[in-house]
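Hydrogens, waters and symmetry mates play no part in the numbers below; they use all other heavy atoms, side chains included.
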Amino acid sequence: LATQTVPGSGGLERLRLGAFGMGVVCLLALFFFFGCALRRELCLRLTAKLFSPLPQGIGKRLQEAAGLGIVGLSSLRSVKMLLALISLSAVHTTLSALCLYFPVISFAPCQRIPFLAAFFLNGIVAFGATLPTAPGQIGTMQICFVLGLAPFGVKPEAAIAASIYASLLG
């Protein structure tokens, strides 16, 4: 079970390997987005071909949505706009991680939990938010905290308490 994974048992090594894999996927997606930003017409033609085998109504809607996304990627052509987007994303992600880190260190005061754990937890919680949940994400948030903090040696009880505290903080 993931909740039994503690540092030293290979859990952090698997976590590093998974993070490396996700980094490669994100890098490939970034190259794809830059390609779409630079070669907009080519990407629009490719999406038209990609969605053409689908039923007409569905294919047309998907093509329109992809087209709007590709047109929106044109903002990546401006260095000033790109730097602003990267800066705002970095600030937002860091603040989100801080909002998760403080409840965690409040309920696990005897443990040295790295700040990078909050970024990992932020990703787990963001994924959990995409799942169908009960009102207030009760249950989903708790399991995300337990699974996200297990590789860092945080006990499930402390993770659940931190998740409730984080939910109350907003």
If you measure from [atom1] on [X] to [atom2] on [Y], what distance do you get to the nearest 0.5 Å?
X	Y	atom1	atom2	answer
I143	L131	CD1	CG	11.0 Å
F127	C144	CZ	SG	8.0 Å
C36	I70	SG	CD1	4.5 Å
L27	M22	CG	CE	12.0 Å
L68	L73	CG	CG	11.0 Å
L46	L42	CG	CG	4.5 Å

For the residue pair [X] and [Y], what are the closest heavy atoms and their distance?
X	Y	value
L121	F145	CD2-CE2, 3.6 Å
P151	F120	CG-CE2, 4.4 Å
G67	L44	CA-CD2, 3.5 Å

Distance-only check: which donor-acceptor pairs under 3.5 Å involve side-chain atoms of residues 91-113, not counting sequence neighbours?
| unit_1 | atom_1 | unit_2 | atom_2 | d |
| --- | --- | --- | --- | --- |
| T93 | OG1 | S89 | O | 2.8 |
| T94 | OG1 | A90 | O | 2.8 |
| S96 | OG | H92 | O | 3.0 |
| Y101 | OH | I113 | O | 2.9 |
| S106 | OG | F102 | O | 2.7 |
| Q111 | NE2 | G153 | O | 2.5 |

Following the transitive rule for hydrophobic clusters with a side-chain heavy-atom cut-off under 4.5 Å over Ile, Leu, Val, Met, Phe, Trp and Tyr, establish whether L50 and L54 coincide in one cluster.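 Yes: a chain of side-chain contacts under 4.5 Å links L50 to L54.
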
Indicate if V79 and L38 have the same hydrophobic cluster label, given that clusters are the connected sets of ILVMFWY residues with side-chain heavy-atom separations under 4.5 angstrom.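 Different hydrophobic clusters.
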
Is it the case that S163 and Q142 place a side-chain donor and acceptor less than 3.5 Å from each other?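 The answer is yes; a qualifying pair exists.
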
Is F119 atom CZ crowded by more than 12 heavy atoms from other residues, nucleotides or ligands, each under 6.0 Å away?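 More than 12 within 6.0 Å, yes.
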
Take atom CZ of F115 as the centre, draw a 6.0 Å sphere, and report whether it contains more than 12 heavy atoms from other residues, nucleotides or ligands.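 Atom CZ in F115 is crowded, with more than 12 foreign heavy atoms closer than 6.0 Å.
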
Under the side chain to side chain contact (heavy atoms under 4.5 Å, CB included) test against L149, which residue among I124, V154, I160 passes?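 With L149 as partner, side chain to side chain contact (heavy atoms under 4.5 Å, CB included) holds for just one option, V154.
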
